[in-house]
Amino acid sequence: MAISASAISGHFNQTDPGKTTLDHAREAYGQVRSATERFSLALSPEDQNLQSMPDASPIKWHRAHTTWFFETFLLKPHLQGYRCFDQAFAYLFNSYYNGIGAQFPRAQRGLISRPGVEDVSLYRAHVDQAMSHLLNQSTTGRQRSQLMALLVLGLNHEQQHQELMVTDLKHAFSLNPSWPAIGQIANPVAAVNPMGWLGFDGGLVQIGATGRGFHFDNEGPRHSVYLMPFQIATRPVNCGEFLDFIEDDGYRRPELWLSDGWAWVNEQRISAPLYWYQTEEGWELYTLGGRRALNPAEPATHLSFYEACAYAEWAEARLPSEAEWEHACSRAGAPGTMAEDGYFHPSVSATSGDGLDQMLGGVWEWTRSSYAPYPGFRPAAGAVGEYNGKFMANQMVLRGGSCATPAGHIRPSYRNFFYPGDRWQFSGIRLARDLAA
């Protein structure tokens with residue numbers, strides 16, 4: 001059964017929590033929760049309990065954890081008389097909220113064979129019914145504002161997990177020699193626009209969320225950053241260009257790699273991007289549509305920060321800072337590239353190549369910026385404040401969204417973050433270089 005790429009995120013409109021009506025809240029809640037279930041319908045109970053590495057989680061766990069979020073932060077404190085579905089779930093499905101309590105070890109989530117898939121479905125139905133009661137209550141003033149803010153955060157949180165469901169499942173399926181497929185194989189495109197460069201003068205610029213519509217706390221406050229003149233590539237690096245790097249011994253040349261990257265590439269014995277396989281017929285890659293021949297024109301993806309930096313060094317360029325990336329995206333009005341239904345794989349740009357192509361919605365693009373708080377950032381009070389702030393160390397920022405990112409999350413200010421060696425997300429490269437002042 002093929003799954004629609006657009007179905008995974010529903011059609012939730014990212015509105016300002018303070019302006020969210022109860023009717024809109026009920027509609028949005030139903031859309032987002034249903035999208036999670038539609039994705040799961042094509043999967044067997046065995047599929048839903050796979051955990052292929054500590055960084056990934058089983059689909060069943062994602063379904064239960066997102067439900068735990070609504071139960072913990074909305075129903076328990078705001079719905080009088082609410083009865084928990086199962087007290088044990090508070091431990092099993094808490095991800096990292098230390099202010100709430102202990103958590104089951106992340107690396108062992110695949111060992112939770114019970115509760116089963118049907119039990120998780122009953123849990124979701126129980127919480128959905130209680131949320132319906134909560135959203136039918138008449139609230140005013142501060143209570144309503146607080147409730148709507150938590151609801152919108154919870155919906156965006158579930159959409160983030162919908163993206164993780166795609167990438168976690170892909171990693172698990174890639175280890176199966178039968179190459180399972182839940183999507184379609186896109187028609188290949190043989191040609192792509194040559195990579196060009198777009199220049200920016202630099203100077204004092206503003207970055208960060210504008211305050212219009214929902215944004216995560218780490219996207220603000222909006223603030224000024226001084227940029228030197230720079231150029232940014234008109235499109236991401238494609239598979240053919242990255243193949244040139246491989247064939248030029250890019251993975252075996254220490255002068256191209258950061259010290260940590262050189263240790264990583266040797267310890268992990270890395271010689272190609274994740275999901276690339278060299279055969280007698282040539283290079284192939286695994287997608288959620290199955291294994292197929294590599295298309296040189298499509299964006300290179302599933303690359304680590306270390307690989308991105310090594311490629312940039314080889315190409316006599318560098319990665320953009322996140323401020324450069326956001327300024328360029330906002331100034332140039334970069335068009336979005338939405339995933340075609342069923343593919344869950346970045347497509348080849350069909351635009352003219354005159355501006356910035358595929359900057360939004362193709363592959364997450366590594367920046368050279370460490371994930372750190374913006375000036376004036378303060379996490380929210382209470383356990384919900386653990387959402388982003390406590391992870392602001394030792395990770396790198398990615399921008400732009402990918403073919404698996406919910407459409408409402410794709411915006412210039414969105415800050416994704418992963419460790420330098422992570423590459424199971426749809427992560428790619430957009431080059432930058434300095435200009436003389």
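In the model, T67 has a side-chain atom that pairs as donor or acceptor with a side-chain atom of R33 under 3.5 Å. Residues N218 and Y371 have side chains that bring a donor and an acceptor to within less than 3.5 angstrom of each other. In summary, the side chains of E163 and W364 do present a donor paired with an acceptor at a separation below 3.5 Å, with no hydrogens or angles considered. At a cut-off of 3.5 Å, with distance as the only test, no side-chain donor of D422 or Q395 sits close to an acceptor on the other residue. In this structure, a donor-acceptor pair under 3.5 Å is absent between the side chains of Q358 and R430. Under the 3.5 Å distance criterion, with hydrogens and angles disregarded, no donor-acceptor pair is assigned to the side chains of H223 and Q206. If you check the side chains of R368 and S321, you find no donor sitting under 3.5 Å from an acceptor.
With a 4.5 Å cut-off on side-chain heavy atoms, T301 and R423 do not count as touching. Looking only at side-chain heavy atoms (C-beta outward), K76 and C84 come within less than 4.5 Å of each other. In this structure the side chain of S304 reaches within 4.5 angstrom of the side chain of E307, judged on heavy atoms. The shortest side-chain heavy-atom distance between F70 and H157 does not fall under the 4.5 Å cut-off. Between H161 and W61 there is a side-chain heavy-atom pair separated by less than 4.5 Å. In this structure the side chain of F85 never reaches within 4.5 angstrom of the side chain of R124, judged on heavy atoms. Taking the side chain as every heavy atom from C-beta outward, F305 and F418 never approach each other to under 4.5 Å. Here the side chains of M165 and F39 are in contact, with some heavy-atom distance below 4.5 Å.
The two residues R63 and S40 come nearest to each other via the heavy atoms CD-OG, 3.2 Å. The minimum heavy-atom distance between H78 and L134, with the atom names listed, is O-CD1, 3.6 Å. L227 approaches A323 most closely through the heavy-atom pair CD2-CB, 3.8 Å.
Cation-pi geometry between R433 and W197 is satisfied (NZ or CZ under 6.0 Å from the ring centre, within 45° of the ring normal).
For the atom pair CG (D357) and CZ (R235), the distance works out to 8.5 Å, reported to the nearest 0.5 Å.
Under the 4.0 Å criterion applied to side-chain N and carboxylate O atoms, E219 and R399 are not assigned as salt-bridge partners. Using a 4.0 Å cut-off between charged nitrogen and carboxylate oxygen, E324 and R318 count as a salt-bridge pair.
Below 30°, between 30° and 60°, or above 60°: for H65 and W68 the angle between ring planes is below 30°, a parallel geometry.
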